[in-house]
Amino acid sequence: TILAYGQTGSGKTYSLLNTGPRIVDVGLLPRLAVAIFQEIAADYENAYEVQAAAAQVYNEEVDDLLHLSHHSGGGQNLYVQNAGVVPGLTWVRCRQPEEMLNLFARAHANVIYAETLMNKSSSRSHAVF
C-alpha cells in the first residue's frame with residue numbers, strides 16, 4: 001500500500017501518477033507497473049496473474065471507477081466488507097504494463113472533482129488503484 005498525504009496542491013497526484021514526457025518526470029505508479037512486469041518476466045519458475053481494480057471513496061461512498069456503466073450509475077455506492085473486500089468491484093487482468101496504465105487512465109477519467117478554496121481542480125476524494 002502506498003499512501004500520499006499532504007496539503008492540496010503539494011504534488012501528491014504528480015508524484016504518484018504523472019506519465020511523463022521525460023522518464024525523470026514519471027510518477028511512482030507507472031514505474032511500479034513496469035517493475036511488476038519486469039520481475040514477473042524474470043521469474044521462470046512461477047506463474048503469475050496480475051489484475052487491477054480502481055475505486056474512489058467520495059462522501060463516504062465507494063464507487064467502481066472501472067465499471068463499464070460508471071457514467072450511468074453502474075458500480076456506485078459499493079459496500080466494503082471486513083478485510084477491505086469490495087463485492088462487485090471490477091477487476092481486469094493485465095498482461096503488460098501498458099494495459100495496467102490504460103486502466104489507470106480510464107479510472108482517472110472517472111474521478112469526481114470538487115473545488116476547494118485552495119485548488120479548483122481538487123478531487124476531494126480518495127482513489128485506490
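Here the structure is a predicted model, which is why all the values come from computation and not from measurement.
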Contacts satisfying salt bridge (Lys or Arg N to Asp or Glu O under 4.0 Å) that involve residues 19-45 (not counting sequence neighbours) are Arg22-Asp25
Write out all pairs satisfying salt bridge (Lys or Arg N to Asp or Glu O under 4.0 Å) with one or both partners inside residues 73-90, taking only residues at least two apart or from two chains.
none
Are the side chain of Arg93 and the backbone N or O of Glu49 linked by a donor-acceptor pair below 3.5 Å?
no
Partner residues of Glu99 under the side-chain hydrogen bond (donor to acceptor under 3.5 Å, both in side chains) criterion, sequence neighbours left out
none
According to side-chain hydrogen bond (donor to acceptor under 3.5 Å, both in side chains), who are the partners of Glu60, at least two apart in sequence or on a separate chain?
none
Applying the 4.5 Å side-chain criterion to the ILVMFWY set and letting contacts propagate, would [X] and [Y] be lumped into a single cluster?
{"X": "Tyr48", "Y": "Phe37", "value": "yes"}
{"X": "Val34", "Y": "Val92", "value": "no"}
{"X": "Leu101", "Y": "Val111", "value": "no"}

So Leu29 and Leu16, side chain to side chain contact (heavy atoms under 4.5 Å, CB included) or not? Walk me through it.
CA-CA 6 Å; Leu29 181 64; Leu16 289 176; 5.5 Å; no
Any ring-ring contact (aromatic ring centres under 6.0 Å, His included) involving residues 86-105? Give me the pairs, sequence neighbours left out, ordered by first then second residue.
Phe104-His108, Phe104-Phe129
Taking atom CE of Met100 and atom CZ of Arg95, what is their separation to the nearest 0.5 Å?
12.5 Å
Please find the pair of heavy atoms, one from Ala53 and one from Leu66, that lie closest to each other, and give the distance.
CA-CD1, 3.9 Å
When every non-hydrogen atom of Leu103 is compared with those of Ala52, the smallest separation belongs to CD1-CB, 4.0 Å
For the residue pair Val26 and Thr19, establish whether any side-chain heavy-atom pair is separated by less than 4.5 Å.
no
So, do Ser15 and Leu28 sit near enough that their side-chain heavy atoms are less than 4.5 Å apart?
no
Would you please test His67 and Asn110 for side-chain hydrogen bond (donor to acceptor under 3.5 Å, both in side chains) and show each step?
CA-CA 10 Å; His67 194 282; Asn110 289 330; over 6 Å; no
Please set out all donor-acceptor pairs under 3.5 angstrom arising from side-chain atoms of residues 74-90, sequence neighbours excluded.
| residue | atom | partner | partner atom | Å |
| --- | --- | --- | --- | --- |
| Gln76 | NE2 | His70 | O | 3.2 |
| Thr90 | OG1 | Asp64 | OD2 | 2.6 |

